[in-house]
Visitor: 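Got a structure here, written out as structure tokens. Questions coming.
Chain identifiers are assigned alphabetically (A, B, ...) following the order of the sequence lines, protein sequences preceding nucleic acid strands; residue numbering begins at 1 within each chain. Given the structure is predicted, the values throughout are model-derived calculations rather than measurements.
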Number of protein chains: 2
Amino acid sequence: MPGVWKGSIGTPDEYNLLTVANAKPREAAINAMDDTPLPISKDRVTAMVVDGETYLRFPLEKEEQIYGFGLNFQSVHQRGKVLHLQVDHYGGRDNGRTHAPVPFYVSSRGYGVFINAARYIKVYAGTAVRLDSENFPEVKDRNTDRSWSARPYSDAVEILVPAAGVEFYVFGGPSPLEAVSRFNLFNGGGCLPPRWGLGFTQRVRTSYTAEDVTEEVRAFADRGFPLDFVGLEPGWQSKAYPCTFEWDTTRFPQPSRFVADLLARGVRVNLWTNPYVAPQSPIYSSILPYSGSHTVWLGAVPDLSIEKARSLFFNHLNKSQVAIGVSGYKFDEVDGYDHYLWPDVATFPSGRSAEQLRQTYGLLVQRYSTELFRNRNQRTFGLIRGSNAGAVSYPYVIYNDYYNHEDFITALINSGFVGVLWTPEARASKSAEEWLRRMQSVVFSPMAMINAWSTGTKPWSYPEVTDQVREMAVLRMRMMPYWYSEFAKYHFQGIPPFRAMNLEAGFSDNPVVQQGSTNLEENPYAEAVRKEVKDQYMAGEYLLVAPMFAGDTSRTVILPTGNWFDFYTGEYVGNGEVITATPGLNRIPVYVKDGGIIPLGPALMHAPKPTEKINLEIRYYGNQPGSYKLYDDDGETFDYENGNYTFREIRASKRPDGSLEASITAPEKGKPNTIASVNFIAMTK
Amino acid sequence: MPGVWKGSIGTPDEYNLLTVANAKPREAAINAMDDTPLPISKDRVTAMVVDGETYLRFPLEKEEQIYGFGLNFQSVHQRGKVLHLQVDHYGGRDNGRTHAPVPFYVSSRGYGVFINAARYIKVYAGTAVRLDSENFPEVKDRNTDRSWSARPYSDAVEILVPAAGVEFYVFGGPSPLEAVSRFNLFNGGGCLPPRWGLGFTQRVRTSYTAEDVTEEVRAFADRGFPLDFVGLEPGWQSKAYPCTFEWDTTRFPQPSRFVADLLARGVRVNLWTNPYVAPQSPIYSSILPYSGSHTVWLGAVPDLSIEKARSLFFNHLNKSQVAIGVSGYKFDEVDGYDHYLWPDVATFPSGRSAEQLRQTYGLLVQRYSTELFRNRNQRTFGLIRGSNAGAVSYPYVIYNDYYNHEDFITALINSGFVGVLWTPEARASKSAEEWLRRMQSVVFSPMAMINAWSTGTKPWSYPEVTDQVREMAVLRMRMMPYWYSEFAKYHFQGIPPFRAMNLEAGFSDNPVVQQGSTNLEENPYAEAVRKEVKDQYMAGEYLLVAPMFAGDTSRTVILPTGNWFDFYTGEYVGNGEVITATPGLNRIPVYVKDGGIIPLGPALMHAPKPTEKINLEIRYYGNQPGSYKLYDDDGETFDYENGNYTFREIRASKRPDGSLEASITAPEKGKPNTIASVNFIAMTK
């Protein structure tokens, strides 16, 4: 395929990320991209197998920056890091242990490298200098030379894969964004959520009964807050941690009626679970022979790499939940904090190692749970705690237990490098201000969620800001045509809907190196501190989002080259410069690229049904001619995979007299069309 | 040997901790200990080799506590930890990465377990529950049972050794202290420093010239501060980081004369170096063929597991430094922060892996540098940044770059579990109070050191406390007969001179479990917080030391059962209870066991020479009859290994009328005797 190169050494594991995820490259889409030359010189890529382990080396130029290596929370630039990629909870440090330690990096020089191994991979991202390096740095005397550095220039990314062989891929650009898109398409293309998945979702307190949930759903309607799906936490099960996967009949006496009743109100049900089987579960005894040697919270761990374990597990979910209308799941604890998950000495009936299962458990859960819904030609959109490469096409959003607003935004930025989705969920806040700031970020993310399993927080729990929060929730609903079209581009073109500024043309970020603590007691090697941009991101084709955090009344925003305009007013704000935003409490700074086109729908309380038609308001920003591909389909089924969708071309520009000239192509005959009418608005006067 | 059991599985590496360290068990000493039954049931110890890795399991009873697993800084109790034992700098978390990740643990039930592998070893210290566990805990429903815990009882320590076999040892007690002593004796017994090693040492600013150093040595004498050896930092070398191992002729034009001059003043010279070879070093080109594939700070890394590399390296040190009278070394950077050390993809001419070299590099440096001095029948006492099991008998004290007073004390406590020595060195302080508090701790540690390489701090740098600091330094010198005898017990009996309260009879510490944060946003599994005793320790046979930290005017001290007395006044302070100490700024709380005997010498400015005789003041505390073994030898050579030493028995008690009855056995004929006269004092009235 154009711009995709495969390398291999030794005997690669057959059990790897792509095979486990069953990732099927979208060949047609990749072939549609321009060809591009191999971006790195072959002879500077080396690979060898030593003592049953594989050592890989890829070149690094002096000014080159690299990004990716999984869902990091505190840094965007990965050059200079030593990482040990392992599926894990996030422990507060970017050390490679995270919910999605995707072994893929993208270079500022416009290419990506992917290691297809379900192993704990060690990465030296430009830290080591070889004796035989062709770029050996000047040796300096620390005694006398103040320019001595503890970290001399390293000309390679070196990688250790603990397996006697591995296959790896290089993806061409020529731009970094194109390299990421190729990686995403190679992994099957991004997921396309159902329309309702892009609406608003509330997760209720774990102890809630059917009545409590119905009551809360009614409250959303009464108070004018949109709601598309509600999440039930462990309390829906008769026993949890470990789980029975059975409804608790005291809290939910009539599950089918309960689910049907909510559906009738336009609200779907999502169910929390972890995969660890309680002795009281009906599948316990039958699944034991297909379980690992160790337990998680005393629950049996199904070896989901075995067909028999999968069918026992997923057939049960299907029978007792999916069949009665449950819309999706939140799969917890598949990331695996060392103290809770099976240890690396655990053994599994498949003969696969604890390490291999840990690196892929989230993939297995995503793949086979998605299949349950696909079998009903019904899309799902759920939550997952652990993932990896290969899962790009699965409709799951990563969440976690960590809760730092700034770091949640950095995670959102990093998610776009490695083909995963992340939600900066809101749970509760120490103040109304923090609550509003978090909600403002949430609506500019893949899943607009309040996760109130422990607190019972509602969108209106902070009365001082209830109106502002409602305004944001309504904005989320109005922007659904934009979000939906952007996810379509994720699916068909591999372009991440939420992504780093570093993937944006006209944006350059060479981290500012500042002197570290000059106190050698604390900083004996006078290590420098690197300041990088990790608090603003691109949302879809045209929007730059710069979240505000509690306590801040203003912030700086770095605008890429080109004219940028205020999302709310259409006013010009700057071009390739650093501006200071003082949006006030009610607004999150959002900027639109020159020529930007943003399609908005009405302020619905639920995503439109397949048959429902909406009136479109199409906003045009700036002065350059702009165009936009508006995506449309039934919003719920997989029929789009059989061509049952349309991209309608929107064009807008300004006539010499400054008046607006705009058009949208007609809907294709026989294809879904959910647009009743179109109204164009030029936002920039 | 009595109380020592060996287990083995698969094909253990021949390159292991004991062979690399050349640890020779002190069989006679072990045979002199009482025999004891195997403390754990054989059939609950399991071992298997899976896919080239070894899985080990040892039983854990419900109330059992375990200690050790290397030089931890923030916790004493290791049960419930997941550790990845790797030689590393200390990164601020007890995760197994530390300067001495000794794969040995001791149980409160009175036995120890040692894994003899030079590998990165994973430890699950009672965290995992197996499906087939014979002690399977009760399964609880988190939805309804408030007694649900995220960490149910695990009945095993499970260990993963990434090698196709391993040998391991179980050491019997019956007490935990005896188990530790057996481990130490099996490793060759503790080191016996030269007397001067227990004196005071100052490390000078790295830029110092010969004149500067001589000037500073003179200043110590002028101000009445004792000084036995002075440490030169990188500036003594012509180039450093990487190193030439050559004197810098501008700062040190006549090294031999400089060293001789200081020796004449009674002060020895210790030299900093790291082992990484600069291109400008005379041994560079010859050592290249025996160096690793990667550099450290651009210096070649000698493969010290090869004889040829060793002879090139150590012969040079011998010729240019040891031969002119240098007394020892401070070997830096053999612990290996990931960003500075060779990566795990490095290869070495010996064919040994980067991992094996990393786990043993500190051992190799200690073993072969000690040999340089042994060849001259001259003891050394130096500093090392990285160590491991096997090094018990080498005269090196571990230090690091971290600098937290409280954590330094916890490290001192943990050092005693795993056969290493640690110095809570003082560098500088934010206040005179902190300086004095640190100095008070330093004199009750294996090496009384000020490490002023960057600050140039002197003992008298904080004028408000200069007299108190001098008083502590003098106390250190006066206690030399006690410290020296305690190190002799470390050597001959394996009893650690500095050790945890947990090894003391009559002390029990089941950590208090406190409720963690009740905010489930921050603590979703309601994890409890464990409070443990990690700020008081035993120093030698009779002393309990409870350091004060800056800002504290009082502290609690937990006294084991038995009567305890104030070290300074002899007054009774308590028995098996928690007391509150308010010692004032001038004193560090120190307590003496009933019947305690503490031999003190005169307030010398340097350790006595082999020929020099001193007057002894023998302090007797409490009311129970007491005895003490006073050790004596020439203090400088290895002749003690040929029996050229004495233990003289001191006895003291109170007659019915309360008067003191005391005696000391006569010196053995033909054996060294440095005691001129003896004066007994009953401290407790």
Visitor: Is the shortest heavy-atom distance from the side chain of Val139(B) to the side chain of Pro242(A) under 4.5 Å?
Guide: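 The answer is yes; the side chains approach within 4.5 Å.
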Visitor: Given heavy-atom pairs under 4.5 angstrom as the criterion, report whether the side chain, backbone, both or neither of Tyr337(B) touches chain A.
Guide: side chain
Visitor: Check whether Glu138(B) gets within reach of chain A through its side chain, its backbone, both or neither, counting any heavy atom under 4.5 Å.
Guide: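 Contact with chain A: backbone only.
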Visitor: Going from OH on Tyr241(A) to CG on Asp141(B), what distance comes out if it is rounded to the nearest 0.5 angstrom?
Guide: 11.0 Å
Visitor: Rounded to the nearest 0.5 Å, what separates atom CD in Gln356(A) from atom CG in Asp51(B)?
Guide: 7.5 Å
Visitor: In Å, rounded to the nearest 0.5 Å, how long is the span from CG of Leu288(A) to CG of Asp132(B)?
Guide: 11.5 Å
Visitor: Where on Leu341(B) is there a heavy atom nearer than 4.5 Å to chain A: the side chain, the backbone, both, or neither?
Guide: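 Contact with chain A is absent: no heavy atom of Leu341(B) under 4.5 Å.
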Visitor: Does a side-chain heavy-atom distance below 4.5 Å link Asp344(B) with Tyr124(A)?
Guide: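 Yes, their side chains come closer than 4.5 Å.
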Visitor: How far does CZ of Arg142(B) sit from OG1 of Thr206(A), to the nearest 0.5 angstrom?
Guide: 8.0 Å
Visitor: So do Ser293(A) and Leu131(B) actually touch side chain to side chain, heavy atoms under 4.5 Å?
Guide: no
Visitor: Pick whichever of Thr127(A), Thr347(A), Val345(A) has the most heavy-atom pairs under 4.5 Å with chain B.
Guide: Val345(A)
Visitor: Does His339(A) form a side chain to side chain contact (heavy atoms under 4.5 Å, CB included) with Val82(B)? I'd like the steps, not just the answer.
Guide: CA-CA 7 Å; His339(A) 292 83; Val82(B) 177; 3.8 Å; yes
Visitor: What part of Arg57(B) lies closer than 4.5 angstrom to a heavy atom of chain A: side chain, backbone, both or neither?
Guide: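 For Arg57(B), no heavy atom lies under 4.5 Å from chain A.
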Visitor: Between Trp297(A) and Val129(B), is there a side-chain heavy-atom distance shorter than 4.5 Å?
Guide: no
Visitor: Identify which part of Glu527(B) has an atom lying under 4.5 Å from any heavy atom of chain A, answering side chain, backbone, both or neither.
Guide: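 Side chain only.
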Visitor: Report which part of Glu333(B) has an atom under 4.5 Å of a heavy atom belonging to chain A: side chain, backbone, both, or neither.
Guide: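 Just the side chain, heavy atoms under 4.5 Å.
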Visitor: Is chain A contacted by the side chain of Pro279(B), its backbone, both, or neither, given a heavy-atom distance below 4.5 Å?
Guide: side chain
Visitor: A side-chain contact here means heavy atoms from C-beta on lying under 4.5 Å apart; do Pro137(A) and Leu298(B) qualify?
Guide: yes
Visitor: Check the side chains of His294(A) and Glu158(B) for a donor-acceptor pair under 3.5 angstrom, ignoring hydrogens and angles.
Guide: yes
Visitor: For the CZ atom of Arg93(B) and the CZ atom of Arg93(A), what is their distance to the nearest 0.5 Å?
Guide: 4.0 Å
Visitor: Given that the side chain runs from C-beta out, which part of Tyr402(B) has a heavy atom under 4.5 Å from chain A: side chain, backbone, both or neither?
Guide: neither
Visitor: Below 4.5 Å from any heavy atom of chain A, which atoms of Thr144(B) appear? Answer side chain, backbone, both or neither.
Guide: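 Side chain only.
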